[in-house]
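Naming convention: chains lettered A, B, ... in sequence-line order (proteins, then strands); numbering from 1 in each chain. Nothing here was measured: the structure is a model prediction, and the numbers come from that model.
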2 protein chains.
Amino acid sequence: MSDILIKGDNSQSYRAADELFLEFERMIVSGELCDGEALPPEREIVETFGVSRTVVREAILALSNKGLVEAKPRFRPVVRKPNFDTAIDTVGNVVSRLLEEGDGVKNLFDTRIMVEVYLARQAAVDAKRDDMQSLKDALEENEAAINNMDLFFQTDVKFHRVLYAMSGNPLLPSIHRAYITWLKPNWVKMPTLPARNQLNFESHTAIYNAILMRDPDKAEAATRKHLADAWDQINNILSAAK
Amino acid sequence: MSDILIKGDNSQSYRAADELFLEFERMIVSGELCDGEALPPEREIVETFGVSRTVVREAILALSNKGLVEAKPRFRPVVRKPNFDTAIDTVGNVVSRLLEEGDGVKNLFDTRIMVEVYLARQAAVDAKRDDMQSLKDALEENEAAINNMDLFFQTDVKFHRVLYAMSGNPLLPSIHRAYITWLKPNWVKMPTLPARNQLNFESHTAIYNAILMRDPDKAEAATRKHLADAWDQINNILSAAK
DNA sequence: AACTAATTTTAGTCATACCAAACTGGATAT
DNA sequence: ATATCCAGTTTGGTATGACTAAAATTAGTT
């Protein structure tokens, strides 16, 4: 099952570039190389580690591909201490392509329903006062932006982001960001109408009210309806494209 | 927010290796290069594309880092058409290290609770007869393995896998695999006792029965209890290690 | 047909060289 | 003193050739 990982983990690296990569990875994760710091020049690394520039370049390239350094062409690679967002970005392109096949977008959207239904239920059970205030603020910003296309999208995203943040789990905001990143390409294709904004705002309100009333079932129902609407909108775009 | 992605997307690649990488990526995703097929020798690619071996090697390395080819040292890289499992493997090492920090494992485990609670509730609502049979089979295999440490772990994993598969969403099995991969290192450290296996089996039974009775709330409760137990076991290991 | 030895091919590595872009420090202008 | 500009230096991207050890292939043998 986990052949690939096992291989990657326990096999000694026979390539010098791999070992150098691991060394730098260790230094970055341990903080020996700080975030934002630039890597030494390639020729200096050559001297330090006694390997050829070929090896150094391949190691740096690997760091770049894994998102551990940010390497613009002709600039010194800058150390980026990895977090879950960068991890997601690392696979971003591949995932985007995978989503284009078959029901990829639909399947991803279904997992979003899964997450948000859970979050809504959970919020209805144990949302704190501060969180409810944040959610209310986001809701009001959303309402105020109904006639502003761009701003409405932003406040829409923010409302959901607050829901994710309310979980108190720092992984959830990263997951939310991933959903936005991967689903946005389908989203931006559709024309935004004030009428639709109004509908979405009302859906948000329904979710908020259900949570406020401490009614998990109602919160779930409101979330499902909202996301079902959203999917219809995306799906129209997708099927129109065919 | 999505600076990194935008940069990666719209900036023309000024590095020849990047362009070659994109060309191969396209060929792999489009199926022009089939899964399992070996890449041509480096020197042949040099001729075909009129670039130096340096560039070819860097492009291939990038493919390898992204999981689009499997490159054992000294062997020709083998094309691997990407799927969600390989995407997860690509970030596997980095994520593993991230999890080691702070409450990383706990946070990941909490998302697992989120997913499985949802799945259990959903199964209670709309599980099909075939799915229930699969779940029952897995449960019986699990019971039969109570006195066999390794086998119990396998059947334990399988029971949960059936739950993930019942969603009908092909992304969920990949997510399940990710959980196993990332949480297993903590799991294998603990001694397996028949008594604990018995407890876990009974938890599985409770989940199964709740789903069978079409009771989402009870299914959720049983799942939460089971995973809370599991977390206690993991947590004992984690805190003992400190 | 199966096994083994000799040969060829190839990935990994090193060294060197060149170019163009980025960087540096000092001179000049404001 | 600060900003601007220019020349020299450094550095990343690329190309080329060479060498080694391992893999793939072929030839030869049983």
Side-chain angles (χ1 to χ4, degrees), chain A residues 3-4 7-8 10-25 27-28 33-34 36-80, chain B residues 3-4 7-25 27-28 33-80:
Chain A
D3 273 333
I4 297 170
K7 229 181 300 172
N10 66 354
S11 73
Q12 317 90 312
S13 295
Y14 290 108
R15 281 183 290 221
D18 289 345
E19 289 178 18
L20 190 54
F21 164 79
L22 289 173
E23 178 64 13
F24 273 108
E25 185 194 36
M27 288 196 283
I28 291 171
L33 286 171
C34 302
E37 191 178 346
L39 249 49
E42 295 177 359
R43 288 166 176 85
E44 193 174 309
I45 301 175
V46 165
E47 290 183 15
T48 309
F49 292 89
V51 291
S52 74
R53 234 184 111 200
T54 311
V55 170
V56 171
R57 284 186 58 77
E58 292 192 355
I60 291 177
L61 184 61
L63 291 171
S64 170
N65 287 328
K66 298 282 186 184
L68 272 60
V69 303
E70 194 177 335
K72 287 187 294 184
R74 301 225 149 262
F75 285 81
R76 297 261 287 283
V78 175
V79 173
R80 287 282 170 242
Chain B
D3 273 333
I4 297 171
K7 228 181 304 173
D9 280 341
N10 65 355
S11 73
Q12 318 90 312
S13 296
Y14 290 107
R15 282 183 288 222
D18 289 346
E19 289 177 17
L20 190 54
F21 164 79
L22 289 173
E23 177 64 13
F24 274 107
E25 186 193 36
M27 286 195 286
I28 292 171
L33 286 171
C34 302
D35 188 278
E37 189 178 345
L39 249 49
E42 295 178 359
R43 287 165 177 83
E44 194 174 310
I45 301 175
V46 165
E47 289 183 16
T48 310
F49 292 90
V51 291
S52 74
R53 232 185 110 201
T54 312
V55 170
V56 171
R57 284 186 58 77
E58 293 193 354
I60 290 177
L61 184 61
L63 291 171
S64 169
N65 288 329
K66 297 283 185 184
L68 271 59
V69 304
E70 194 177 335
K72 288 188 294 185
R74 302 223 148 263
F75 284 81
R76 296 262 287 284
V78 176
V79 173
R80 285 282 170 245

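- Contacts with DNA chain C (heavy atom under 4.0 Å) in residues 48-69 of chain B: Arg53(B), Arg57(B), listed by number.
- In this entry the distance linking CZ of Arg15(A) with P of dA21(D) reads 19 Å, nearest Å.
- Listed nucleotides: dT10(C), dG12(C), dG12(D). Nearest to the side chain of Arg43(A): dG12(D).
- Look at NZ on Lys72(A): it is 18 Å from P on dT11(D), rounded to the nearest Å.
- Checked by atom type and distance alone, the side chain of Glu44(B) never pairs as donor or acceptor with a backbone atom of Pro41(B) at under 3.5 Å.
- A pairwise comparison of heavy atoms in Ile60(B) and Glu42(B) identifies CD1-CG, 4.2 Å as the closest pair.
- Spacing between atom CD of Glu42(A) and atom P of dT14(D) amounts to 11 Å, rounded to whole angstrom units.
- Across all their heavy atoms, Val56(B) and Ile45(B) have their closest contact at CG2-CG2, 3.8 Å.
- Distance Ile45(A) CD1 to dG12(D) C1': 12 Å, rounded to the nearest Å.
- Under 4.0 angstrom from either OP1 or OP2 of dA23(D) there lies no side-chain N or O belonging to Arg74(B).
- Of all the heavy atoms in Val78(B) and Gly36(B), the pair that sits closest is CG1-O, 3.3 Å.
- A straight line from CD of Glu44(B) to P of dT10(C) spans 8 Å, rounded to a whole angstrom.
- Rounded to whole angstrom, the span from the CZ atom of Arg76(A) across to the C1' atom of dG12(D) amounts to 10 Å.
- Closest heavy-atom contact between Asn65(B) and Ala62(A): ND2-CA, 3.3 Å.
- To the nearest 0.5 Å, atom CE of residue Met27(B) and atom CD of residue Glu23(B) are 5.0 Å apart.
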